[in-house]
*Asks:* 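Can you read through this structure? Questions will come right after.
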Amino acid sequence: MARITVFGADLSPFVQKVVRALRMKKLDFETLEPKTPLDLRRWNPTTGKMPVIEIDGERTWDSTRIVRRLDELQPDPPLVAADPAVAARQRLLEDWADESLYWYVMALRWNPGHADATFEQILGDAVPSLAKPLVKRFVKRQLGGAPWYQGLGRLPEDVLLEEIDRLLDDLEAMREGREFYFADRPSVADLALYGELTMACSGPTPEIEACVARRPGLVEYLKRVEQATGG
Ligand SMILES: N[C@@H](CCC(=O)N[C@@H](CS)C(=O)NCC(=O)O)C(=O)O
């Protein structure tokens, strides 16, 4: 049995993707949460981002590459469908969740109306109150700056929410009433969507939670993915 460690914070959608893939495959692992942003640089000098996985001493970074590696290590159950056309759609939806939906959620989390709550959620307990104003200004500039440079962070809040609402309609329609995306068992697409929507519904952006809650089919789907990937 391989010795596996996942480096990363539980709230990260990308860490969720990896942890749930490991649970689906019934692989034992331990997790290590970062204590400071310097940990990320130390664990992953190439991109400075989490998650990173170590399998018998060999490290891999980036959730998409990691889940691909897990499929090599333990092919059963597979994380994409056997049919290449279905697998391609699942991988593309995974990529859309990681590289597009993520930025919609980040743009809202770090916009002026939500940035304080987001900061409190990720670092509130870790920073002494005297240092908080300074650290908060720095973190808002660093992490909040990313969606601004990406572009979605420049949209007004009402426009962002309207777009997210429309995208959730499209997501629902694309599932075509199936249990999971394009197949009868979860794939990388479901793991990625679950991670993003769970972070979106984790507190600081109640408006997205309301968007999700208005769609009972989506709520049921998320519960289904949760159950099928370790609860
Ligand atoms: N494409 C990467 C994205 C990873 C990513 O953006 N992780 C965030 C946490 S949700 C991170 O490490 N952020 C720290 C930073 O940007 O400095 C993946 O799939 O692993």
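Counting from 1, the numbers follow the sequence of the chain as shown.
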*Asks:* Compute whether any side-chain donor of one residue and acceptor of the other, for Asp98 and Thr64, lie under 3.5 angstrom apart.
*Replies:*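 Yes, side-chain donor-acceptor contact under 3.5 Å.
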
*Asks:* Measure the shortest side-chain to side-chain distance between Val6 and Leu32 over non-hydrogen atoms and say whether it is less than 4.5 angstrom.
*Replies:*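 The answer is no; the side chains never approach within 4.5 Å.
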
*Asks:* Would you call Lys17-Glu94 a salt bridge at under 4.0 Å N-O?
*Replies:*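 Here Lys17 pairs with Glu94 in a salt bridge, since their nearest N and O are under 4.0 Å apart.
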
*Asks:* Without hydrogens or angle criteria, can the side chains of Ser202 and Gln121 be said to hold a donor-acceptor pair below 3.5 Å?
*Replies:*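 Gln121 and Ser202 do have a side-chain donor-acceptor pair below 3.5 Å.
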
*Asks:* Taking the side chain as every heavy atom from C-beta outward, state whether Ser187 and Leu79 have any atom pair closer than 4.5 Å.
*Replies:*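 The answer is no; the side chains never approach within 4.5 Å.
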
*Asks:* Could you check whether Arg3 pairs with Glu54 (Lys NZ or Arg NE/NH1/NH2 to Asp/Glu carboxylate O, under 4.0 Å)?
*Replies:*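 Looking at Glu54 together with Arg3, the answer is no, because their closest N to O distance does not fall below 4.0 Å.
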
*Asks:* Charged N to carboxylate O under 4.0 angstrom, Glu220 versus Arg224?
*Replies:*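 Answer for the salt bridge query: no.
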
*Asks:* For residues Ile53 and Leu70, determine if any side-chain heavy atom of one lies less than 4.5 Å from a side-chain heavy atom of the other.
*Replies:*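 Of all side-chain heavy-atom pairs linking Leu70 with Ile53, at least one is under 4.5 Å.
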
*Asks:* Salt-bridged, Arg20 to Asp190, with N to O below 4.0 Å?
*Replies:*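 Salt bridge between Arg20 and Asp190, a charged N being under 4.0 Å from a carboxylate O: no.
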
*Asks:* Within the 4.5 Å heavy-atom criterion, are Arg23 and Thr229 side-chain neighbours or not?
*Replies:*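 Arg23 vs Thr229: side chains apart.
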
*Asks:* What are the two closest heavy atoms between Ala97 and Ala192, and how far apart are they?
*Replies:*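 That closest heavy-atom pairing would be CB-CB, 3.8 Å.
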
*Asks:* For the CZ atom on Arg154, are there more than 12 heavy atoms of other groups (residues, nucleotides or ligands in this structure) within a distance under 6.0 Å?
*Replies:*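 Count over threshold, so yes.
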
*Asks:* If you take all heavy atoms of Val86 and Phe182, which pair is closest and at what distance?
*Replies:*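 Nearest pair, atom of Val86 first, then Phe182: CG1-O, 3.3 Å.
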
*Asks:* What I'd like to find out is whether the side chain of Leu152 reaches to under 4.5 Å of the side chain of Glu163, using heavy atoms alone.
*Replies:*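 No, their side chains stay 4.5 Å or more apart.
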
*Asks:* Is Arg178 close to Asp184 at the side-chain level, that is, under 4.5 Å between some pair of heavy atoms?
*Replies:*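 With C-beta onward as the side chain, the pair touches.
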
*Asks:* In plain terms, say whether Glu226 and Lys223 are close enough for a salt bridge, that is, a side-chain N and a carboxylate O under 4.0 Å apart.
*Replies:*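 Salt bridge: no.
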
*Asks:* Before accepting this row, confirm whether a basic side-chain N of the pair Asp39/Arg42 lies closer than 4.0 Å to the acidic partner's carboxylate O.
*Replies:*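 Answer for the salt bridge query: yes.
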
*Asks:* With rounding to the nearest 0.5 Å, note down the distance linking OG1 in Thr118 to CG in Asn111.
*Replies:*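 Between Thr118 OG1 and Asn111 CG, I get 8.5 Å after rounding to 0.5 Å.
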
*Asks:* Could you give me the CA-CA distance, side-chain angles and deciding distance for Tyr221 and Tyr181, then say whether ring-ring contact (aromatic ring centres under 6.0 Å, His included) is met?
*Replies:* CA-CA 10 Å; Tyr221 160 75; Tyr181 276 89; 5.4 Å; yes

*Asks:* For Asp62, is there an ion pair with Lys49 - N to carboxylate O distance below 4.0 angstrom?
*Replies:*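 Between Asp62 and Lys49 there is no salt bridge, as every charged N stays at least 4.0 Å from the carboxylate O atoms.
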
*Asks:* Taking the six-membered ring for Trp, are Trp43 and Phe7 parallel (under 30°), tilted (30 to 60°) or perpendicular (over 60°)?
*Replies:*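 Ring orientation, 0 to 90° scale: tilted.
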
